[in-house]
Amino acid sequence: MGDFANRVFAVVRRIPRGKVATYGQVGRLIGAPRGARYVGYALHANPEPGTEPGCVPCHRVVFKDGRMATGFAFGGPDEQRKMLVAEGVGFDEEGRVLMDAFQWDGRSDGAGTESEPSGPPPDFDWKAELGE
DNA sequence: AATGTGACCCTCT
DNA sequence: GAGAGGGCCACAT
């Protein structure tokens, strides 16, 4: 696979347990603001999905609305939701993730304010992650 | 080399 | 406020 997908995996692996990230956010982190669509495409080639560290927790990647990819998941949206709930992610009555409280910052997991900055995306150091 | 596809997001009407 | 359309990315054929 290409390096792009590799970056996607690196970023997704960086998502801490109990947090979720949006496709668009991941896309911006890897340097593809309009390539969010390919994020899911890359995750489709996910080599090792799972909750354990070292794997690619694609279940922690959801829509910006907090909704998850319906129609395709490693067991259906229901299973994915259960996995997220098991990790401590909160859902609302509509079955969407509470992005205001569980959206990953992209850099640290302790920050409570998960407001996506309007400015430029932060520089992510995937080179170190990929072992460059 | 060109065309088609895809787990999306933003903007306009 | 809701719906429709466009766009750009990388990968596969």
Side-chain angles (χ1 to χ4, degrees):
Chain A
M1 67 188 75
D3 297 324
F4 199 89
N6 212 341
R7 298 174 195 173
V8 174
F9 298 146
V11 174
V12 175
R13 258 184 299 200
R14 207 112 298 222
I15 303 175
R17 180 176 170 280
K19 292 270 182 172
V20 296
T22 66
Y23 290 96
Q25 187 160 14
V26 174
R28 278 184 298 183
L29 251 66
I30 65 180
R34 272 67 195 179
R37 35 202 299 186
Y38 183 71
V39 174
Y41 194 67
L43 287 178
H44 196 204
N46 187 348
E48 298 288 334
T51 58
E52 300 168 23
C55 299
V56 183
C58 48
H59 61 277
R60 293 180 190 150
V61 184
V62 297
F63 285 91
K64 201 169 188 185
D65 304 334
R67 201 100 176 188
M68 53 194 101
T70 57
F72 182 76
F74 29 92
D78 301 324
E79 193 67 22
Q80 181 174 1
R81 182 183 54 178
K82 283 170 71 174
M83 291 170 70
L84 291 174
V85 172
E87 292 188 357
V89 178
F91 283 79
D92 60 355
E93 307 83 11
E94 301 180 13
R96 304 191 302 191
V97 180
L98 300 174
M99 306 303 288
D100 296 332
F102 296 99
Q103 183 174 10
W104 181 40
D105 293 45
R107 28 181 81 188
S108 56
D109 56 279
T113 53
E114 321 294 338
S115 302
E116 287 193 62
S118 307
D123 288 316
F124 189 77
D125 196 355
W126 32 51
K127 295 178 184 173
E129 176 59 28
L130 297 175
E132 272 295 308

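A, B, ... follow the sequence lines: proteins, then strands. Residue 1 opens every chain.
When all heavy atoms of A:Pro57 and A:Arg13 are compared, the closest pair comes out as CD-CA, 4.0 Å. The two atoms that bring A:Val61 and A:Thr22 nearest to each other are CG1-C, 4.3 Å, heavy atoms only. In terms of heavy atoms, A:Asp105 sits closest to A:Gln25 at O-NE2, 3.2 Å.
B:dG4 and C:dG6 are spaced 15 Å apart, taking the P atom of each and rounding to whole Å.
Of all nucleotides in DNA chain C, those with any atom nearer than 4.0 Å to a heavy atom of chain A start and finish, going 5' to 3', at C:dG7 to C:dC11.
At whole-Å resolution of the value, CZ in A:Arg96 and P in B:dA7 are 21 Å apart.
With sequence neighbours excluded, the residues forming a side-chain contact (heavy atoms from CB on, under 4.5 Å) with A:Ala32 are A:Phe4, A:Ile30, listed by chain and number. For A:Arg81, the side-chain contact (heavy atoms from CB on, under 4.5 Å) partners two or more places apart in sequence, or in a different chain, are A:Met68, A:Asp78, A:Val85, A:Phe91.
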**Item:** A:Leu43 and A:Val8: CA distance, side-chain angles, deciding distance, side-chain contact (heavy atoms from CB on, under 4.5 Å) verdict
**Value:** CA-CA 8 Å; A:Leu43 287 178; A:Val8 174; 4.0 Å; yes

**Message:** Walk along nucleotides 8-13 of chain B from 5' to 3' and tag each nucleotide B, S or - by protein heavy-atom contact under 4.0 Å, base first, then sugar-phosphate.
**Reply:** SSS---

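Listed for the A:Gln103 side chain is no donor-acceptor partner under 3.5 Å among the backbone atoms of A:Val97.
A side chain to side chain donor-acceptor pair (under 3.5 Å) check over residues 84-96 of chain A, counting only residues at least two apart or in different chains, returns the pairs A:His59-A:Glu87, A:Arg60-A:Glu87, A:Glu94-A:Arg96.
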